[in-house]
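Beneath this line is the structure, given in structure tokens, with notes to follow.
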Amino acid sequence: MSAQPEGLYTDPLGTADSAAAQIAKRTGIASHDLALVMGSGWVSAADALGAPTHEFNADEIIGFLPPSVAGHSGKIRSYEIKTATGVIRVLVFLGRTHLYEGKGIEPVVHGVRTAVKAGCKIVILTNACGGINTDYRVGQPVLIRDHISLTATSPLIGAHFLDLTDLYSKRMRTIVKGEDSSLQEGVYVHWRGPTYETPAEIKMMRAMGADLVGMSTVPEAIAAHALGAEVLGISLVTNAAAGVTGEKLNHEEVIAAGKAAADHMGALLKGVIPKLL
Ligand code: HPA
């Protein structure tokens, strides 16, 4: 059960170091290569990677809060994926903490910081999102090319003036599109939530140049990049954004669309992971 000590995030990177050490001890694997964060509805896509060598509750590791959202299972898995030249150790986070949970920014980025401290040079962030771009269809994966942060929250503190020009790695986007040439790229807006956007807000976002909207990914991408990891973001369009079809939005629809697309998303991840390192 979760028994997290006081003052957990007064030294966030130190806490991430301790968490990485606990994962290494738990799995017997000194260093992982790649991390995969599975967002709403993506959890079953992880099953396409086969049987994990280890699985445990995330909140048994220092700094991880228990899950508070349906569709976010709060587990950590370790996988060994065989490639033509060796093995890739993949650390999978089933679920994440969101800003709208009101616990602050530190637990939101603790998973990716832990992953980088555990050795991961590549972080793949997946999410469920609303489609602002009317060309998108429900069930379609879209590669994140860039983002717009509307939360005015950064995981970085102090004079850390980080360049975000190539935050969502062009190198990796090219590799993924080589695997599936039908994949499109889009600009993701980070919305704090937990309310969905109003139709007027979606119009504003579209006018700003956004294609996708969701409540995650952006702080994690920044935190991972700040520690030197290469980031790939994949959004699954689970619904048309507010006002696009006139239909009301609900979380069950988001989860159901994720489940329906799980096989496709799982196959995509399984196909690309060996090519990224
Ligand atoms: N808006 C914000 N977040 C979301 C949406 C949406 O329409 N769908 C899934 N996550």
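For ligands, and for the atoms within them, numbers begin at 1 and follow the listed sequence. In this text the structure is predicted, and so the values were computed from the model without any measurement. Residue numbers count from 1 along this sequence. Hydrogens, waters and symmetry mates are skipped; everything else that's a heavy atom, side chains included, is used.
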Exercise. Indicate whether the side chain of Glu230 and that of Ser169 have a donor and an acceptor atom separated by less than 3.5 Å.
Key: yes
Quiz prompt | Pair Glu80 + Lys82, salt bridge at N-O below 4.0 Å | solution = yes
Quiz item: With the threshold set at 4.0 Å, does a side-chain nitrogen-carboxylate oxygen contact exist between Lys270 and Asp47?
Solution: no
Practice problem: Please could you name the atoms of ligand 1 that Asn239 approaches to less than 4.0 Å, counting only its heavy atoms? | Solution: 5 (C), 6 (C), 7 (O), 8 (N), 9 (C)
Exercise. Show which atoms of ligand 1 fall inside a sub-4.0 Å distance from at least one heavy-atom site of Thr238.
Key: 8 (N), 9 (C)
Practice problem: For ring pair (Phe, Tyr, Trp, His ring centres under 6.0 Å), just list the numbers for His147 and Tyr168, CA-CA rounded to whole Å, side-chain angles, deciding distance to a tenth of an Å, and then say yes or no. | Solution: CA-CA 9 Å; His147 78 226; Tyr168 301 94; 5.7 Å; yes
Quiz item: With respect to atom 6 (C) of ligand 1, which of Gly131, Ala128, Gly130 exhibits the smallest heavy-atom separation?
Solution: Gly130
Self-check item: Side chain, backbone, both or neither: Val254 near ligand 1, heavy atoms under 4.0 Å
Solution: side chain
Quiz item: Going by the atom numbers of ligand 1, which of them fall below 4.0 Å from some non-hydrogen atom of Glu197?
Solution: 1 (N), 2 (C), 6 (C), 7 (O)
Exercise. Please identify which atoms of ligand 1 are closer than 4.0 Å to at least one heavy atom of Leu249.
Key: 7 (O)
Exercise. Mind telling me whether Tyr9 and His110 have parallel, tilted or perpendicular rings, with 30° and 60° as the class edges?
Key: perpendicular
Quiz prompt | Tyr196 to ligand 1, any heavy atom closer than 4.0 Å | solution = yes
Quiz item: What is the closest protein heavy atom to atom 3 (N) of ligand 1, and at what distance does it sit?
Solution: Gly214 CA, 3.4 Å
Quiz prompt | Location of contacts on Ala242 toward ligand 1, heavy atoms closer than 4.0 Å | solution = neither
Quiz item: How about Ser78 and His32: does a side-chain donor come under 3.5 Å of a side-chain acceptor?
Solution: yes
Practice problem: Please determine, by modelled atom types, if Glu220 and Thr217 share a side-chain donor-acceptor pair under 3.5 angstrom. | Solution: no
